[in-house]
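Report on the following structure.
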Amino acid sequence: MTGVRLYDSATRTVRPFEPLVAGRVGIYDCGPTVYSYQHIGNLYRYIVADVVRRTFEYCGYKVTQVMNITDVGHLFDDADQGTDKMEQAAKREGRDPAAIAKHYTDHFLADRAKLNVLPPHVMPYATEHVPEMIEAVKTLIAKGHAYPAADGVYFDITTFPGYGARLNPPGSFAERQAGARVEVNDAKRHPYDFALWRAAKPGDLQQWDSPWGRGNPGWHIECSVMSMKYLGETFDLHSGGEDHLFPHHECEIAQSEAATGKLFVRNWMHTYFLSVDGGAMHKSKGNVYLVSDFAAHGCEPLAFRMLALGVGYRKSLDFTWRALQDAQRRLDRWRSAIGGAWQRLQGSTGAVDPADPVKAAFAEAITDDFNTPRALAQAEAALDLVNGSDGALRARGLAILFDMDQVLGLGLRASAEATVLLGDVERALLDERAAARAAKDFARSDALRAQLQAKGILVKDTSEGQRWERVSRVSEGEPA
RNA sequence: GGCGACGUAGCCAAGUGGUAAGGCAGAGGUCUGCAAAACCUUCAUCGCGGGUUCGAUUCCCGCCGUCGCCUCCA
């Protein structure tokens with residue numbers, strides 16, 4: 001089993017990963033709130049989480065990856081708040097929250113599949129864990145960490161020393177308080193006490209019975225409850241976006257550890273936001289892009305995965321259409337080389353030597369805090385072998401690339417296999433063209449090449465005969 | 001205002017106290033009936049100004065710029 005080094009947001013250092021249970025790793029990824037389509041920034045984060053999970057598996061760990069679906073808004077019908085996501089969506093679309101959640105969850109999962117993001121092993125829904133959340137709130141009240149108030153139940157942060165300072169710089173929380181301009185909610189004892197349970201308000205579409213009357217759960221409690229339910233009270237790795245550093249994950253830590261008296265999470269991981277054209281995505285700027293927008297720019301979803309792999313997750317990727325198109329070209333080049341080699345080798349690559357230096361360099365890169373850009377550079381080294389004229393090296397390079405793709409997830413083997421799946425007509429045209437070339441009938445040969453091109457098959461002549469590949473130029477598009 | 005992150009070639013980006021991976025684009029060349037590939041060569045002194053050091057892109061300070069968080073957003 002290969003060791004993995006990773007950055008931990010709590011200690012702010014890169015250190016060797018040490019699993020709670022030898023050979024296993026439990027991961028909880030904060031999932032999306034499904035009130036609208038997930039944009040590329042959201043999806044980018046799940047590509048990163050996917051690479052993390054694949055890396056551990058590549059290294060021989062038995063992984064349990066849990067990702068929640070937040071299908072409750074924890075929101076109340078209060079026009080002043082203006083942040084009533086699930087409610088707003090329900091009203092906007094004239095559907096109930098369950099239908100909204102279903103629609104956007106399905107779309108999210110479909111986008112993930114297009115990006116070769118593997119399904120998590122467990123995918124709990126918040127609405128199916130409300131009883132457990134209520135139990136957790138009762139426990140916190142019983143232990144003196146929470147108190148019922150007029151409009152809900154709040155966590156008392158003064159009962160958890162160090163609140164807000166696990167993932168954030170020491171002292172920063174005090175500064176936040178000083179700078180806070182938030183009007184104090186009279187129901188709360190402390191401005192930063194956070195809701196565990198909210199009393200229902202008139203018009204709430206999502207509400208449940210509880211010991212504190214009808215209402216809905218606070219945002220943070222669902223992640224504590226669901227992560228501990230499926231991974232245990234202490235688990236290995238918890239990931240989220242950089243925006244979760246405060247308050248979400250600090251709240252999770254406080255309520256979880258207050259309830260169990262145990263360390264909640266051993267490693268915290270946060271993905272930085274991607275920017276678009278050098279700045280933030282904003283609806284007002286019209287640059288909140290979806291996977292379904294790629295086709296219009298001649299790109300496939302997997303080009304976005306290639307682009308994402310080209311950046312470290314702790315630096316922010318700057319997304320531009322040009323960058324995506326560059327990634328598409330890179331992906332096309334890989335496929336072209338791999339498809340050609342696959343045809344020459346007739347589908348046999350042999351096994352990968354576990355001690356292969358290129359593979360070793362790749363493993364070294366990917367296990368160094370998931371350094372995908374460096375890993376890609378090693379894949380390019382393997383690609384050089386594939387492009388060479390030596391048949392043995394070609395087989396070796398191909399085998400290495402397929403091995404690497406267990407982590408990269410670019411579907412390289414599938415694209416290679418697709419090149420040899422020809423229809424009878426295509427096959428006949430290729431055979432006829434080979435005959436024409438042998439007879440030096442170039443006019444006929446060129447005409448046949450044009451015909452094949454029209455069928456999406458690019459033919460190339462090499463010293464070893466014709467090679468061909470499917471041109472994946474996206475034209476069919478993918479409706480939103 | 002407070003706290004934090006980032007600023008590397010035309011573009012996307014690795015990285016290190018000792019003169020900077022990889023990809024895309026560009027330029028020149030080889031090969032080729034043509035085309036497409038492939039191959040070879042070529043393309044940066046690391047935001048600005050100081051400081052520490054024998055030596056800094058890499059450490060420290062200041063400035064400028066971008067981004068994030070400061071109650072429900074990946």
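Reckoned from all heavy atoms, side chains included, excluding hydrogens, waters and symmetry mates. The sequence lines fix the lettering, A, B, ..., with proteins before strands; numbering per chain opens at 1. It should be emphasised that the depicted structure is a prediction, and the values quoted were computed from it without experimental measurement.
- Distance from the side chain of Arg374(A) is smallest to G15(B) among A13(B), A5(B), G15(B).
- On the C1' atoms, U32(B) is 50 Å away from A74(B), given to the nearest whole Å.
- A donor-acceptor contact under 3.5 Å links the side chain of Asp461(A) to the base of C34(B).
- Counting only Watson-Crick and G-U wobble pairs whose two distances sit under 3.5 Å, RNA chain B takes part in these stems of three or more pairs: B:1-7 with B:64-70, B:10-12 with B:22-24, B:26-30 with B:38-42, B:47-51 with B:59-63.
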Check against ring-ring contact (aromatic ring centres under 6.0 Å, His included), Trp268(A) and His248(A)
CA-CA 13 Å; Trp268(A) 286 94; His248(A) 184 49; 8.9 Å; no

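- Counting non-hydrogen atoms under 4.0 angstrom, Gly240(A) reaches the backbone sugars and phosphates but no base.
- Annotation: side chain of Ile27(A) is not in contact with side chain of Val66(A) (no heavy-atom distance under 4.5 Å).
- When the C1' atom is compared between U19(B) and U53(B), the two are found 16 Å apart, to the nearest whole Å.
- Not a single donor-acceptor contact under 3.5 angstrom links the side-chain atoms of Arg467(A) to the base of A37(B).
- Here the side chain of Phe246(A) is nearest to one of A74(B), C70(B), A13(B), namely C70(B).
- Using modelled atom types and a 3.5 Å distance limit, the side chains of Thr70(A) and Glu222(A) yield a donor-acceptor pair.
- Counting non-hydrogen atoms under 4.0 angstrom, Val459(A) reaches a base of the nucleic acid.
- At the heavy-atom level, Gly312(A) lies under 4.0 Å from the strands shown only through sugar-phosphate atoms.
- Among residues two or more places apart in sequence or in another chain, the ring pair (Phe, Tyr, Trp, His ring centres under 6.0 Å) test is passed with Trp334(A) by none.
- Atom CG in Leu307(A) sits about 19 Å away from atom P in G22(B), given to the nearest Å.
- Applying the 4.0 Å criterion to OP1 and OP2 of C12(B), one finds that Arg330(A) has every side-chain N and O outside that range.
- With P as the reference atom, G49(B) and U45(B) are 14 Å apart, rounded to whole Å.
- Between the C1' atoms of C61(B) and C54(B), the separation comes to 22 Å (whole Å).
- The same atom, C1', is picked in C31(B) and in G22(B); the two are 26 Å apart, to the nearest Å.
- As rounded to whole Å, 6 Å separates atom P of A38(B) from atom CZ of Arg333(A).
- Annotation: C11(B) and A44(B) have their C1' atoms spaced 14 Å apart (nearest Å).
- Separating the P atom of C70(B) from that of G51(B) is a span of 40 Å, rounded to the nearest Å.
- Residue Cys30(A) comes nearest to Gly240(A) through the heavy atom pair CB-CA, 4.4 Å, listed as atom of the first residue, atom of the second, then distance.
- A salt bridge is defined here as a Lys NZ or Arg NE, NH1 or NH2 lying under 4.0 Å from an Asp or Glu carboxylate O, and Asp446(A) with Arg449(A) meets this definition.
- Regarding Tyr28(A), its OH atom lies at a distance of 13 Å from the P atom of A74(B), rounded to whole Å.
- Residue Asn168(A) places none of its side-chain N or O atoms closer than 4.0 Å to OP1 or OP2 of G4(B).
- The distance from atom CZ of Arg444(A) to atom P of A35(B) is 21 Å, rounded to the nearest whole Å.
- Atom CD of Gln378(A) and atom P of G23(B) are 11 Å apart (whole Å).
- Atom P of nucleotide A14(B) and atom CZ of Phe370(A) are separated by 16 Å, given to the nearest angstrom.
- Place Ser336(A) and Thr320(A) on RNA chain B by their nearest nucleotides, and Thr320(A) ends up nearer the 5' end.
- Counting non-hydrogen atoms of other residues, nucleotides and ligands closer than 6.0 Å to CD of Glu464(A) gives a total above 12.
- An OP1 or OP2 oxygen of G7(B) is reached within less than 4.0 angstrom by a side-chain nitrogen or oxygen of Lys315(A).
- Taking the charged nitrogens against the carboxylate oxygens, Asp204(A) and Arg214(A) have no contact shorter than 4.0 Å, which rules out a salt bridge.
- Nucleotides C46(B) and U41(B) place their P atoms 26 Å apart, quoted to the nearest Å.
- The aromatic ring of Phe273(A) sits over the base of A74(B), with ring centres less than 5.5 Å apart and planes tilted by under 30°.
- Residue-environment remark: NZ (Lys285(A)) exceeds the threshold of 12 foreign heavy atoms within 6.0 Å.
- Taking atom NE2 of His249(A) as the reference point, atom P of A74(B) lies 11 Å away to the nearest angstrom.
- In this model, the phosphate group of C12(B) is not approached by any side-chain N or O of Arg322(A) to a distance below 4.0 Å at OP1 or OP2.
- Residue-to-nucleotide contacts include no donor-acceptor pair under 3.5 Å from the side chain of Arg329(A) to the base of G23(B).
- Note: OH (Tyr44(A)) to C1' (C12(B)) measures 12 Å, nearest angstrom.
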